[in-house]
Amino acid sequence: VTPSLSIAPSSSPVCKGAQTTFLASYSNGGSNPLFIWKKNGVIVPFNGSQYTDNTLVTGDQIAATLVSNATCRSLDSVQATPLSLSVTPQSNPGISINSTPVVTICKGSALYFSTTTISPGTAPRYQWYLNKVAISGATAPSYSSTTANNGDTISVQLNSNAVCATDTVAMSNKVGIIVNNLVTPTISASASSTDPTKVPITFTAMSSGGGATPSYQWIVNNVDVPGETGPSYTTSNIRGGDHVAVRMQSYAECANPLVITSSEIVMQGGVGIGSPTAWRGALAVYPNPSNGRYYISGEQASLQPGETLHIEVMNMTGQRVYESELKPNMNQGQWRAEIELGSEIASGPYMLHLSTRSGMSALLPLSLQR
């Protein structure tokens with residue numbers, strides 16, 4: 001019989017620092033075969049069919065000889081083909097969440113977390129955790145949520161299949177979440193007087209939820225007043241029927257909405273240009289002159305519930321150039337309607353005729369300036 005021998009590592013690749021076992025496959029070794037193992041030409045103290053080493057480096061050569069005691073053997077010994085090793089460095093899988101240790105958000109805001117990994121392998125697996133409890137379905141390398149609560153913590157686990165990984169499971173850093181409640185800003189305006197003859201008149205904003213440095217903008221007849229950006233506004237240039245309001249930009253953390261506008265203060269008397277006839281209560285048209293868009297407002301009590309407003313605009317020859325039937329908007333004791341004259345109507349003086357089914361009517365001059 002002819003003895004034979006071959007050797008191979010029990011696993012591939014051979015990882016640096018890991019314990020690697022080399023196995024001998026042989027035949028016709030007899031009842032008591034002897035194995036001589038060599039590392040880089042030097043005999044090592046192993047005489048069985050396996051050799052184990054954890055100090056291997058690239059370039060090491062492993063060889064083995066089988067000494068047979070088989071009956072009728074053609075050879076006393078046979079050598080295996082030596083192995084010249086390529087040793088793969090060990091990898092240390094890791095994962096981190098790309099975030100500061102604590103994240104502060106407003107309630108209902110979206111959270112998004114991405115990750116950075118080390119040695120994830122070719123088919124890594126992820127599992128996100130909320131307060132140390134696995135989140136169902138959260139198995140992607142990133143995670144988003146809009147339902148975070150104050151005091152929650154987020155972390156993620158990586159399961160790596162990297163070659164020669166020292167540990168296949170790695171846990172990320174933990175991110176804490178602070179959730180602030182939403183703030184609803186409010187604003188209202190008051191006037192030292194609504195009588196335009198008692199000038200100067202001071203308008204004052206009363207607000208909440210504006211933060212440490214809210215900004216204001218005073219508005220007269222839907223037009224921002226240049227430079228009037230403080231919490232109060234004093235003017236002597238005011239007319240009967242003018243509408244005054246204030247807009248606030250909130251800088252409070254988690255303010256929603258960020259910008260709000262107060263209800264309008266309507267100055268007593270006056271109608272811009274002209275005066276009403278056969279009309280109950282105050283009536284105003286503004287801005288007047290205008291580039292085509294006008295607002296008409298009056299006291300809510302002047303109209304019956306559900307009553308509509310018939311509107312006509314006529315040129316100075318009595319020709320009707322605009323007509324509509326509107327149901328005014330009601331708000332805080334006032335009603336308001338809006339009309340817009342089309343671009344086909346030329347600049348010039350016009351007359352506005354208002355009427356209701358309850359018998360009220362008014363004829364007011366309009367000035368159109370394009």
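Not a single donor-acceptor pair under 3.5 Å links the side chain of Trp128 to the backbone N or O of Ser144. Checking side-chain atoms of Thr58 against main-chain N and O of Val87 turns up a donor-acceptor pair under 3.5 Å. Ser236 places no side-chain N or O within donor-acceptor distance of the main-chain N or O of Val199, the cut-off being under 3.5 Å. Of the possible donor and acceptor atoms, none in the side chain of Ser193 sits under 3.5 Å from a partner among the backbone N and O of Ile201.
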Quiz: residues 96-112 side-chain donor-acceptor pairs under 3.5 angstrom, not counting sequence neighbours:
{"residue": "Asn98", "atom": "OD1", "partner": "Thr116", "partner atom": "OG1", "Å": "2.9"}
{"residue": "Asn98", "atom": "ND2", "partner": "Ser114", "partner atom": "OG", "Å": "3.0"}
{"residue": "Asn98", "atom": "ND2", "partner": "Thr116", "partner atom": "OG1", "Å": "3.4"}
{"residue": "Thr100", "atom": "OG1", "partner": "Val102", "partner atom": "O", "Å": "2.9"}
{"residue": "Ser109", "atom": "OG", "partner": "Cys106", "partner atom": "O", "Å": "3.0"}

Residues 28-43, side-chain donor-acceptor partners within the protein, below 3.5 Å, at least two apart:
{"residue": "Asn28", "atom": "ND2", "partner": "Thr2", "partner atom": "O", "Å": "2.8"}
{"residue": "Ser31", "atom": "OG", "partner": "Asn69", "partner atom": "ND2", "Å": "3.2"}
{"residue": "Trp37", "atom": "NE1", "partner": "Gly48", "partner atom": "O", "Å": "2.8"}
{"residue": "Lys39", "atom": "NZ", "partner": "Asp53", "partner atom": "OD2", "Å": "3.0"}
{"residue": "Lys39", "atom": "NZ", "partner": "Thr55", "partner atom": "OG1", "Å": "3.1"}
{"residue": "Asn40", "atom": "OD1", "partner": "Gln61", "partner atom": "N", "Å": "2.8"}
{"residue": "Asn40", "atom": "ND2", "partner": "Asp60", "partner atom": "OD1", "Å": "3.1"}

Ignoring hydrogens and angles, write down the donor-acceptor pairs under 3.5 Å from the side chains of residues 19-27, residues two or more places apart or on other chains.
{"residue": "Thr21", "atom": "OG1", "partner": "Thr52", "partner atom": "OG1", "Å": "3.2"}
{"residue": "Ser27", "atom": "OG", "partner": "Ser4", "partner atom": "OG", "Å": "2.5"}

Determine all donor-acceptor pairs shorter than 3.5 Å in which one atom belongs to a side chain in residues 11-18; sequence neighbours excluded.
none

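The line from CZ of Arg320 to CD of Glu312 is 4.5 Å long, rounded to the nearest 0.5 Å. From Met267, atom CE reaches atom CD1 of Ile238 across 5.5 Å, with rounding to the nearest 0.5 Å. Taken to the nearest 0.5 Å, the OG atom of Ser192 stands 10.0 Å off from the NZ atom of Lys198. One distance of note links CD1 of Ile95 with CD of Gln157; it measures 9.0 Å at 0.5 Å rounding. The OG1 atom of Thr308 sits 9.0 Å away from the NZ atom of Lys327 when rounded to the nearest 0.5 Å.
Defined by atom type and a distance below 3.5 Å, a donor-acceptor pair is present between the side-chain atoms of Ser207 and Tyr216. Tyr322 and Ser324 form a side-chain donor-acceptor contact under 3.5 Å, judged by distance and modelled atom types alone. Between the side chains of Thr186 and Ser208, at least one donor N or O lies within less than 3.5 Å of an accepting N or O. Between the side chains of Asp195 and Thr197, a donor-acceptor pair is found at a separation under 3.5 Å. Side chains of Thr234 and Thr202: a donor on one and an acceptor on the other come within 3.5 Å.
Qualifying side-chain contact (heavy atoms from CB on, under 4.5 Å) partners for Asn161, counting only residues two or more places apart in sequence or in other chains: Thr122, Ala123.
With side-chain heavy atoms closer than 4.5 Å counting as contact, directly or through intermediates, Leu75 stands alone and belongs to no larger hydrophobic cluster.
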**Step-by-step salt bridge (Lys or Arg N to Asp or Glu O under 4.0 Å) determination, Arg293 to Glu338** = CA-CA 7 Å; Arg293 177 175 293 180; Glu338 177 185 345; 3.1 Å; yes
>> I'd like to know whether Ile296 forms a side-chain contact (heavy atoms from CB on, under 4.5 Å) with Trp335, so could you lay out the CA-CA distance, the side-chain angles of the two residues, the decisive distance to 0.1 Å, and finally the verdict.
In response: CA-CA 8 Å; Ile296 310 167; Trp335 60 260; 3.8 Å; yes
Might you work through the side-chain hydrogen bond (donor to acceptor under 3.5 Å, both in side chains) test for Asn92 and Asp167, ending with a clear yes or no?
CA-CA 7 Å; Asn92 298 296; Asp167 194 343; over 6 Å; no
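For the pair Asn288 and Leu364, the minimum side-chain heavy-atom distance is 4.5 Å or more.
Both Leu83 and Val44 belong to a common hydrophobic cluster when Ile, Leu, Val, Met, Phe, Trp and Tyr are linked at side-chain heavy-atom distances under 4.5 angstrom.
Within the 6.0 Å centre-distance limit, the rings of Tyr286 and His243 are counted as a close aromatic pair.
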